[in-house]
Amino acid sequence: MLMQEKNRIVRAAIIFTAAYVFVAALAFHFSPKQFPYSTVIYDRNGILLGASTSNDGQWHFENSAVPEKFKKCILNYEDSRFYFHFGVDPIAIGRAFVLNLKDGRIVSGGSTLTMQTARILLGNQKRTYFQKIYEIFVAICIEIKYSKNQILSIYSSSAPFGGNVIGLEAASWRYYNRPSNSLSWAEYATLAVLPNQPSLVRPGKNQDALLDKRNSLLMKLYSNKVIDKETLELSLQEKLPGKPYNLPSLAPHYLEKIKADKNLRKKTSFITTLDFSLQENANRIIFNWSKIFSQSGIENAALLIMDTKTKNPIAYVGNINSSVDMVEAQRSSGSLLKPFLFSAMIDNGMLLPSHIVYDIPTRMGNYIPKNNTNKYTGAIQADQALTRSLNIPAVRELRQFGITQFLNLLSKYGLTTLNHDADYYGIPLILGGGEVKMREIACAYADLMNKACGRKTKVPVSYGTAWTTCSILSDGVRPQDLENWRLYSRRKKIAWKTGTSSGNRDAWCIGTTPEYTVAVWVGNSVGTGNKMLTSASTAAPLMFEVFSVLPQTSWPLRPEMEYDEITICTQSGFIAGPYCSETKIELKTHGTPQTKSCPYCRTYAFTPDMEYQVTVEDMINQYKGQMPATENRFVLPPYVEYWYKKQNLSYRSLPPFVPWHKENSENNIHIEFPQENSQIIVPIELDGKKGSVIFEAAANNPGTIIYWDMDGEYLGSTQKEHKFTASPKPGQHTLTLTDSTGSIRKRNFLVIAE
């Protein structure tokens with residue numbers, strides 16, 4: 001008998017072990033059902049910024065840590081012996097069997113929390129005895145594979161909480177508008193009773209039944225000494241939640257950007273670099289400005305605030321009044337590329353900030369750029385031309401620097417959208433002839449500032465040049481009240497640049513400091529222009545208001561070791577030559593090539609009364625060998641001087657040569673268009689008639705009369721503003737200009753049939 005008993009025990013042990021091994025093997029191959037989750041974004045401190053429903057239309061957030069208070073609530077309500085069973089509670093099963101037998105139907109399932117988890121993972125199939133057995137088997141598999149805390153986490157993130165709300169975290173936000181780790185005992189108790197009958201009892205439905213369930217659970221918590229009497233009394237007084245809250249939607253375009261990122265599709269919950277407070281402020285500011293813009297027919301605006309050092313976004317408003325994300329859209333750059341050309345020319349020794357550059361009516365083939373003001377200064381310092389965003393100096397500088405070289409430079413700044421060749425863009429590239437993304441151009445400005453701070457970047461300009469460029473950009477004339485911004489600039493110095501695209505379709509403003517870079521775009525997403533859309537009146541004031549709510553910023557110290565002292569001509573800004581009367585000390589970026597010396601200061605000879613220019617031969621003929629008077633003068637070419645004198649009343653033009661000067665001087669006339677041996681297309685107008693071209697010239701003396709002749713045929717005369725309209729036939733032509741002193745200029749050109 002003893003041997004038989006022993007054999008039975010061994011056989012039972014073997015069977016039990018084999019069964020356990022079999023179940024364990026199945027358990028480790030068991031994987032929970034993969035639910036589709038909502039995409040959820042949090043700010044850098046874990047505050048919810050926004051979420052989207054899952055693919056099946058549910059609010060279902062991914063697993064998060066289960067708060068201790070909720071654990072105590074759910075276990076006291078659903079499964080008080082959770083930590084003592086292996087997935088099945090025989091006592092509960094027995095009690096349920098008796099109740100069901102007595103009632104003649106299934107009124108209790110005797111389910112443990114693990115069995116409820118199994119039921120959820122199996123898709124909440126119809127309740128039958130066979131299904132219950134299968135759930136028991138799966139519950140055992142779950143217990144073998146996962147720890148108790150893991151099971152609680154799976155249950156809490158998968159249980160239904162009424163309507164289309166799945167999981168504790170989504171329920172906490174929908175019903176209390178707070179994260180699940182910040183609720184009260186009463187609130188946790190309310191959520192703990194919801195999964196039991198979520199279709200019948202939930203906030204906003206059957207409130208009396210819900211209140212009874214919650215209060216019963218609170219009483220049980222008190223009885224089990226989980227909470228004290230004071231907590232019970234306070235909890236019983238708390239109201240139930242009402243209508244579900246709408247989840248936050250502070251950065252909807254950023255949420256969609258993350259959802260669309262193929263590299264992130266394995267995740268659904270994201271801690272971003274955005275800042276909740278700054279995001280709220282950004283939304284408020286752009287919304288208020290948008291109401292003003294809409295009165296002028298301007299419907300959209302976008303805003304990006306980034307950490308300059310890391311280039312991570314800290315506030316992201318992809319658009320207002322549209323689903324189109326303008327932070328990632330490609331739009332005309334306007335004048336935003338000018339600082340990069342300016343700094344590159346300094347690094348290449350082609351420019352000093354003090355250099356005067358030409359700002360005159362300019363024509364390059366059939367391309368006629370114009371300043372936004374339709375005014376010209378003649379000549380202006382390069383740094384002032386940049387801060388005033390003058391177009392003419394910029395296009396002339398780009399022609400000198402080279403379009404291909406400039407495109408290569410921009411690619412090193414990380415601009416990926418300018419991917420055509422130089423012929424495609426041409427000179428208009430610098431004025432918005434190419435499209436950029438807000439995110440990329442903002443990063444380029446941030447990198448320029450990072451270089452100015454001495455930080456490591458791939459920016460293709462030197463430390464000193466970057467600091468110089470940022471310093472110049474910080475001194476531009478800000479919009480609106482001049483006096484106020486002067487006071488403001490001492491408090492918060494910002495390197496900034498505006499840009500308005502052709503046809504007033506895009507208005508930009510980007511500002512950068514060592515801490516923050518802010519980019520603003522204003523316009524219409526569909527691309528329609530609006531004459532009221534200028535960066536100075538829209539994007540710039542919006543950007544400065546954003547900076548006003550940002551924390552105090554700093555400014556990098558000038559890197560003294562990055563500069564060399566040079567002597568420059570006070571009037572031209574070029575390195576001083578032997579004939580420059582006024583000079584001053586200036587700084588040049590160390591290691592950059594030497595720029596050429598001043599080409600505008602020379603020694604000129606005059607009659608003793610300084611009324612006329614003369615040569616030695618003129619003096620011999622009339623003054624019997626008397627030496628002429630000499631003087632060093634700053635003299636611009638006549639086509640520049642004409643415009644420069646209007647802005648600079650102290651400028652002194654050269655007097656004419658003495659009447660008996662033998663040679664006719666050509667210095668008084670300059671032909672601006674056409675250029676020598678250029679090819680011109682005369683357009684056909686919309687009505688089919690032959691169009692015309694405008695020839696342009698300038699004279700040194702304002703009172704000069706210029707007589708126009710083409711191919712020996714007299715066309716007419718002009719005075720003051722020298723422009724003449726003509727319709728030459730296809731073929732080779734010669735334009736001849738003569739002034740009242742006998743000066744002559746000629747220009748050959750070819751007209752090509754359209």
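Both backbone and side-chain heavy atoms feed into the values below; hydrogens, waters and symmetry mates do not.
- Side-chain N or O atoms of T387 include one that pairs as donor or acceptor with a backbone N or O of Q384 at under 3.5 Å.
- A donor-acceptor pair under 3.5 Å links the side-chain atoms of S537 to the main chain of T534, judged by distance alone.
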T517 and T308: CA distance, side-chain angles, deciding distance, side-chain hydrogen bond (donor to acceptor under 3.5 Å, both in side chains) verdict: CA-CA 5 Å; T517 298; T308 297; 2.9 Å; yes

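- Scanning both residues, I566 and L352, for their nearest heavy atoms gives CD1-CD1, 3.8 Å.
- F293 places none of its side-chain heavy atoms less than 4.5 Å from the side chain of M532.
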Please lay out, stage by stage, how I472 and F342 fare under the test side-chain contact (heavy atoms from CB on, under 4.5 Å). CA-CA 11 Å; I472 289 168; F342 175 86; 3.6 Å; yes

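- Counting only heavy atoms from C-beta outward, the side chains of F574 and I356 approach each other to under 4.5 Å.
- Put simply, the side chain of N283 never gets that close to the backbone of V317: no donor and acceptor are under 3.5 Å apart.
- Side-chain atoms of H60 and P36, non-hydrogen and from C-beta on, never get closer than 4.5 Å to each other.
- Between the CG atom of L473 and the CE atom of M449 there is a distance of 8.5 Å, given to the nearest 0.5 Å.
- For N246, the CG atom is loosely surrounded, since the number of other residues' heavy atoms within 6.0 Å does not exceed 12.
- Across every non-hydrogen atom of L274 and A315, the tightest pair is CD2-N, 3.7 Å.
- Under a 3.5 Å cut-off, the side chain of N300 and the backbone N or O of S525 do form a donor-acceptor pair.
- Residues P353 and T468 form a side-chain contact, since some pair of their non-hydrogen atoms from C-beta on lies under 4.5 Å apart.
- A donor-acceptor contact under 3.5 angstrom links the side chains of S462 and D347, judged on distance only.
- Looking at Q279, its side chain does come within 3.5 Å of a backbone N or O of Y316 through a donor-acceptor pair.
- E586 has no carboxylate O lying under 4.0 Å from a charged side-chain N of K588, or vice versa, which leaves the two without a salt bridge.
- Donor-acceptor pairing under 3.5 Å is lacking for the side chains of K492 and T513.
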Please step through side-chain contact (heavy atoms from CB on, under 4.5 Å) for the pair N45 and F276, ending with a clear verdict. CA-CA 8 Å; N45 297 313; F276 182 87; over 6 Å; no

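- Remark: F161 CZ to L168 CG distance equals 5.0 Å, nearest 0.5 Å.
- The two residues E299 and S290 make their nearest non-hydrogen contact at O-OG, 4.2 Å.
- Atom-to-atom distance recorded for S501:OG and L533:CG is 7.0 Å, nearest 0.5 angstrom.
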Let me see the working for M326 and R331 under side-chain contact (heavy atoms from CB on, under 4.5 Å), right down to the final yes or no. CA-CA 8 Å; M326 299 308 297; R331 302 294 292 205; 3.4 Å; yes

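- Looking only at atom types and distance, the side chain of Y37 has no donor-acceptor partner in the side chain of S269 under 3.5 Å away.
- Sorted by first then second residue, the side chain to side chain donor-acceptor pair (under 3.5 Å) pairs that include residues 426-447, not counting sequence neighbours, are K311-D447, E328-R439, T416-E440.
- Of all heavy-atom pairs between L304 and A442, the closest is CD2-CB, 4.2 Å.
- Using modelled atom types, no side-chain atom of R44 and backbone atom of I314 make a donor-acceptor pair closer than 3.5 Å.
- Note: T498 OG1 to K338 NZ = 8.0 Å, rounded to the nearest 0.5 Å.
- More than 12 heavy atoms of other residues, nucleotides or ligands lie within 6.0 Å of CG in D564, so this atom counts as buried by the packing criterion.
- In this structure, CG on L415 lies 9.0 Å from OG on S333, to the nearest 0.5 angstrom.
- Results of the side-chain contact (heavy atoms from CB on, under 4.5 Å) test with L303 over N319, I285, I286 single out I286 as the only residue that passes.
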Worked check of side-chain hydrogen bond (donor to acceptor under 3.5 Å, both in side chains) between T362 and R396: CA-CA 9 Å; T362 300; R396 298 177 75 95; 3.0 Å; yes

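- By the 4.5 Å heavy-atom criterion applied to side chains, F340 and I441 are counted as neighbours.
- S38 is listed as a side-chain neighbour of W59, based on a closest heavy-atom distance under 4.5 Å.
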Would you give me the side-chain donor-acceptor pairs under 3.5 Å for residues 399-413, sequence neighbours excluded?
| residue | atom | partner | partner atom | Å |
| --- | --- | --- | --- | --- |
| N408 | ND2 | T404 | O | 3.4 |
| S411 | OG | N408 | O | 2.6 |

Tell me, with the steps shown, if Y376 and K370 meet side-chain contact (heavy atoms from CB on, under 4.5 Å). CA-CA 9 Å; Y376 306 95; K370 294 184 181 297; 4.1 Å; yes

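- At a threshold of 4.5 Å between non-hydrogen side-chain atoms, the residues P551 and Y516 count as touching.
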Would D56 and Q58 satisfy side-chain hydrogen bond (donor to acceptor under 3.5 Å, both in side chains), going step by step from the backbone distance to the final call? CA-CA 6 Å; D56 58 358; Q58 309 282 346; 4.6 Å; no

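- A385 approaches V357 most closely through the heavy-atom pair CB-CG2, 4.2 Å.
- With rounding to the nearest 0.5 angstrom, the CZ atom of F287 is 8.0 Å from the CG atom of N321.
- Ring centroids of F544 and W496 are separated by less than 6.0 Å, placing the two rings close together.
- At distances below 3.5 Å, not a single donor-acceptor pair connects side-chain atoms of S471 with backbone N or O atoms of W467.
- You'll find the side chain of L550 reaches within 4.5 Å of the side chain of V518, heavy atoms only.
- Between F270 and T39, the closest heavy-atom pair is CE1-CG2, 4.0 Å.
- A donor-acceptor distance shorter than 3.5 angstrom exists from the side chain of R174 to the backbone of Y245, with no hydrogens or angles considered.
- With hydrogens and angles ignored, the 3.5 Å screen pairs a side-chain donor or acceptor of N530 with a backbone N or O of S296.
- Under a 3.5 Å cut-off, the side chain of T272 and the backbone N or O of I41 do not form any donor-acceptor pair.
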